[in-house]
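One is the number of the first residue; the rest follow in order along the sequence. One-based numbering, in listed order, for ligands and for the atoms of each.
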Amino acid sequence: MPLSVMGHIDSCLTIDLGAIIANWRYIDSLSSATTTTAAMVKANGYGLGAKNVAEALANAGCTEFFVANLGEAITLRQHLDERGHKQLRIMTLHGCQRDGLDDHVAFRITPVLNDLEQLSRWHMCSQQRSESLPALLHIDTGMTRLGFDADQIDWLIENKSALDGLDCRYLMSHLVSAEVADDPTNALQLATFNEWRRWFPGMPASLANSAGSMLSPDYHFQMTRPGIALYGADPADQATDKLMRVVTWQARIIQLRQAKAGDHVGYGGTHLLDRPSRIATIGVGYADGYNRKLGGKASVLIGPQTAPVIGRVSMDSVTVDVTDIDPAHLQHGFVELLHDDYNLSRMAGDAETIAYEILTRLGTRPSRHYQNS
Ligand SMILES: *Cc1c(COP(=O)(O)O)cnc(C)c1O
């Protein structure tokens, strides 16, 4: 039994920080040397632990980090300061809300300004302090979610003084369908972005998420903003050998039992056994982030063999048919839920969702262990 599932823990996530670094370097290698590769560590580093991920990437030379909101930013800032990484840039995608101005300044957080209201707030803040505060300007090129809309951009172009005294680090936008490489929306957004960019001469630009980083260099500009690829999943959930697997998820066999042909397994009795069977009950369930849709679809690794998850996924357990598994392998007392044959993307497919959601819904109950930092 691995050290990490010993003791009081029934399921544990092993997070390979070395693999995250390798994936960051791979994405970085796709763009030219003048393009900075930032790291997206929002939602607690896609569920894997923003502090550990950011610290490892900082040690590897990453200097720019994005989170969603100020709370995430402050938690990360305090950790990185403690670890002696004081010069890193932390940016909030949601920008500065009315009640977050002072803390953005106090914790040296750079807001992404998403509309004129945020711009005027941050501008006023900068004037009151007679300090040139850093910011990113987010313009919307088709997402209709965040960012200055066309009217606001027009206004800004005619009222450039609204930016006076601010240190505008990047003009950014976000791609709608970058994971579909031949989607015409990509080229349209790129063209729109380049048109607006002409009005902000000299301002560095940023457009690409993970999938955008894998498109042509036209999409890279001065900074890319990969998230999911760092965590080892292809943005389109395609098989890839370019990205290293980051997460291993192991869980304890909490009981082995013999069942008869004709027995039903689990809630609703949805699985009928057609032969005398051996069932392993595993200590992981939907409360841990093991998706309910995986019941009857997923498989787990036991030693060198795989075994199917049968019946419904419960809150704290799942049932696996281990009739065909060599009893010697069962003696180890644990199974692997995510492994080379059954990676995040396959799990996402079976759960009818995307790898992003599998990761960010990992519960707090599984312990997290970090390797190779
Ligand atoms: C989340 C996010 C990213 C990263 O996206 P991935 O698909 O995970 O690479 C980049 N930019 C913005 C604005 C985002 O919200």
Which residues pass the ring pair (Phe, Tyr, Trp, His ring centres under 6.0 Å) test with W196, not counting sequence neighbours?
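Residues passing ring pair (Phe, Tyr, Trp, His ring centres under 6.0 Å) with W196: none at all.
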Do the two ring centres, one from H339 and one from W249, sit under 6.0 Å apart?
no
Does this structure show an ion pair linking D103 with R108, if we count only N-O contacts that are shorter than 4.0 Å?
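Salt bridge: no.
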Would R129 and D102 pass as an ion pair if we require N to O under 4.0 Å?
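So R129 pairs with D102 through a salt bridge.
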Please table the atom pairs, donor to acceptor, closer than 3.5 Å between any side-chain atom in residues 34-41 and protein atoms at least two apart or in another chain.
residue	atom	partner	partner atom	Å
T34	OG1	S32	OG	2.9
T35	OG1	F221	O	2.7
T37	OG1	D28	OD1	2.5

May I have the list of side-chain donor-acceptor pairs in residues 45-53 shorter than 3.5 Å, sequence neighbours left out?
residue	atom	partner	partner atom	Å
N52	ND2	Y370	OH	3.4

Which protein residues come within less than 4.0 angstrom of ligand 1, counting heavy atoms only?
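Residues M40, K42, Y46, L93, R145, M172, H174, N209, S210, R225, P226, G227, I228, Y356 each place a heavy atom under 4.0 Å from ligand 1, listed by chain and number.
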